Amino acid sequence: MEAIILAGGLGTRLRPIVSDLPKPMAPIRGKPFLQYIFEYLRIQGIRKVVLSTGYKHQMIESYFGSQYHEISLVYSQEIEPLGTGGAVKKALENITTNHVFVLNGDTFFNINLEDLYQLHLLLNSDVTLALKPMKNPARYGIIKTAGDKVLSFNEKSLKKQGTINGGIYVLKKNLFKGISISEKFSFEQDFLKKYADSLQFNAYKSDAFFIDIGIPEDFQAAQRKLPYQL
């Protein structure tokens with residue numbers, strides 16, 4: 001299996017403490033956050049990663065080059081911001097397998113990728129999302145499910161608990177074939193939310209460790225809690 005990592009984010013909310021780096025390069029215990037994602041993928045047997053880069057992409061490319069241990073690294077550079085959906089669609093041009101994992105470059109969700117993949121195949125999903133049950137999920141949209149089926153993507157709310165998008169997907173390489181969609185679009189808002197009724201979106205739920213370094217508070221928490229010692 002191969003994986004795409006969305007690593008083109010601006011990291012606006014982290015600027016007060018990480019002002020001169022692309023968000024996935026934010027240092028956790030002296031190492032880039034992205035390196036922890038690579039280590040996670042390496043341990044789970046991924047051997048090719050396509051990095052969708054944009055903002056200050058040179059920093060990522062010069063630091064990691066074309067290889068991380070056994071993982072081959074390929075870069076899909078956005079000349080201008082394409083949104084998460086446009087970034088995925090462009091990166092798929094470098095994928096050779098029929099299905100691919102997609103990860104956000106600013107979240108870490110310690111799920112078993114093989115289990116996610118097997119559920120994806122079993123249900124013949126177009127997209128299978130890794131979901132995280134969470135208390136006080138005010139920062140995130142809530143995803144409504146019925147069993148394994150994703151029903152809808154709802155806006156942020158003040159509910160005491162809910163199931164959120166954990167930032168890891170497995171999807172068919174030909175996902176966008178036959179769909180008329182602009183070059184620049186949000187994978188979450190313009191694709192998942194729009195096609196929840198017409199395509200097969202399924203849920204893999206896990207209470208595994210999850211962290212999103214998008215705000216200073218959780219970036220600091222990652223210094224203490226993130227798995228792996230690099």
Side-chain angles (χ1 to χ4, degrees), residues 3-13 23 50 52 54 76 78 80-93 95 99-109 111 116-117 119-121 123-206 210-215 218:
I4 294 168
I5 299 177
L6 300 177
L10 298 176
T12 306
R13 291 174 298 175
K23 185 163 49 171
V50 178
S52 175
S76 174
E78 297 175 67
E80 57 181 335
L82 298 175
T84 50
V88 170
K89 188 176 179 182
K90 187 175 190 295
L92 284 171
E93 298 171 5
I95 295 299
H99 304 267
V100 61
F101 294 106
V102 177
L103 299 88
N104 288 329
D106 58 357
T107 58
F108 188 101
F109 194 11
I111 64 167
L116 172 64
Y117 180 57
L119 179 68
H120 175 76
L121 294 181
L123 299 175
N124 191 28
S125 298
D126 293 302
V127 182
T128 306
L129 301 85
L131 305 184
K132 167 75 174 179
M134 180 175 284
K135 294 181 180 179
N136 303 314
R139 281 175 58 198
Y140 306 93
I142 303 299
I143 297 178
K144 186 178 179 181
T145 61
D148 296 319
K149 173 69 175 172
V150 172
L151 298 180
S152 63
F153 298 82
N154 304 307
E155 300 301 327
K156 298 175 184 179
S157 72
L158 297 178
K159 291 182 178 181
K160 293 184 179 180
Q161 59 185 19
T163 304
I164 70 164
N165 185 346
I168 299 180
Y169 316 90
V170 58
L171 50 87
K172 293 179 178 178
K173 181 186 176 182
N174 66 355
L175 179 64
F176 301 113
K177 187 176 180 180
I179 293 177
S180 178
I181 199 163
S182 65
E183 183 182 2
K184 302 176 184 179
F185 66 100
S186 163
F187 187 63
E188 300 82 356
Q189 295 297 319
D190 302 323
F191 182 76
L192 292 179
K193 197 170 183 178
K194 182 176 179 180
Y195 290 96
D197 292 332
S198 56
L199 293 177
Q200 183 74 5
F201 297 160
N202 290 103
Y204 170 86
K205 296 179 183 178
S206 174
F210 169 87
I211 199 160
D212 173 353
I213 65 162
I215 62 173
D218 284 347

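Since this is a predicted model, take the numbers as computed values, not measurements.
- Considering all non-hydrogen atoms of both residues, Pro133 and Leu131 come closest at CD-O, 3.9 Å.
- Counting only heavy atoms from C-beta outward, the side chains of Leu192 and Tyr169 approach each other to under 4.5 Å.
- Proximity of a side-chain donor or acceptor of Asp106 to a complementary backbone N or O of Ile213 within less than 3.5 Å is not detected.
- Shown here for Thr145 and Ala203, the closest heavy-atom pair between the two residues is CG2-CB, 3.9 Å.
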TODO: Walk me through it: do His120 and Asn202 pass the test side chain to side chain contact (heavy atoms under 4.5 Å, CB included)?
DONE: CA-CA 8 Å; His120 175 76; Asn202 290 103; over 6 Å; no
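- Nearest heavy atom pair, residue Gly162 against residue Ile142, reads CA-CD1, 3.9 Å.
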Open item on the list: Could you walk me through whether Tyr140 and Asn165 satisfy the side chain to side chain contact (heavy atoms under 4.5 Å, CB included) test, starting with their C-alpha distance in whole Å, then the side-chain angles of each, then the deciding distance to 0.1 Å, before giving a yes or no?
Closed with: CA-CA 8 Å; Tyr140 306 93; Asn165 185 346; over 6 Å; no
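- Shown are Leu92, Val102, Ile4, Val100; of these, the side-chain contact (heavy atoms from CB on, under 4.5 Å) with Val50 is made only by Ile4.
- Between Lys89 and Phe185, the closest side-chain pair of non-hydrogen atoms falls below 4.5 Å.
- Taken to the nearest 0.5 Å, the NZ atom of Lys184 stands 13.0 Å off from the CG atom of Asp190.
- Partners of Ile179 by side chain to side chain contact (heavy atoms under 4.5 Å, CB included), not counting sequence neighbours, listed by chain and number: Ile181, Phe191, Tyr195, Leu199.
- Once rounded to the nearest 0.5 Å, the distance linking CZ of Phe210 with CG of Asp218 reads 8.5 Å.
- A donor-acceptor pair is defined here as one N or O able to donate and one able to accept, closer than 3.5 Å; such a pair exists between the side chain of Lys173 and the backbone of Ile95.
- The shortest non-hydrogen separation linking Asn124 to Gln200 is O-CG, 3.8 Å.
- Counting heavy atoms from C-beta outward, Ile111 and Ile168 have side chains that approach closer than 4.5 Å.
- Taking the side chain as every heavy atom from C-beta outward, Lys177 and Lys172 never approach each other to under 4.5 Å.
- For Lys90, the NZ atom counts as densely surrounded, since its 6.0 Å shell holds more than 12 non-hydrogen atoms of other residues, nucleotides or ligands.
- For NZ of Lys144, the number of neighbouring non-hydrogen atoms (other residues, nucleotides, ligands) closer than 6.0 Å is 12 at most.
- Checking Phe101, Tyr204, Tyr117 one by one against Thr128, the side-chain contact (heavy atoms from CB on, under 4.5 Å) holds for a single residue, Tyr204.
- Interatomic distance, Lys132 NZ to Ile211 CD1, rounded to the nearest 0.5 Å: 10.5 Å.
- Interatomic distance, CG of Asp212 versus CD1 of Ile164, reported as 8.0 Å (0.5 Å rounding).
- Between the side chains of Thr84 and Glu188, at least one donor-acceptor pair of N or O atoms lies under 3.5 Å.
- Ile5 contributes atom CD1, which lies 12.5 Å from atom OG of Ser76 (distance to the nearest 0.5 angstrom).
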- [ ] Evaluate the side chain to side chain contact (heavy atoms under 4.5 Å, CB included) criterion for residues Leu123 and Asp148: first the C-alpha distance (whole Å), next the side-chain angles of each, then the deciding distance (0.1 Å), finally the verdict.
- [x] CA-CA 9 Å; Leu123 299 175; Asp148 296 319; 3.7 Å; yes
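- Ser52 places a side-chain heavy atom less than 4.5 Å from the side chain of Glu78.
- Between the CG atom of Leu175 and the CZ atom of Phe187 there is a distance of 6.0 Å, given to the nearest 0.5 Å.
- Between Leu116 and Phe109 the shortest side-chain heavy-atom distance does not fall below 4.5 Å.
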Task: Residues Phe153, Leu129; criterion side chain to side chain contact (heavy atoms under 4.5 Å, CB included); working and verdict - done: CA-CA 12 Å; Phe153 298 82; Leu129 301 85; 3.7 Å; yes
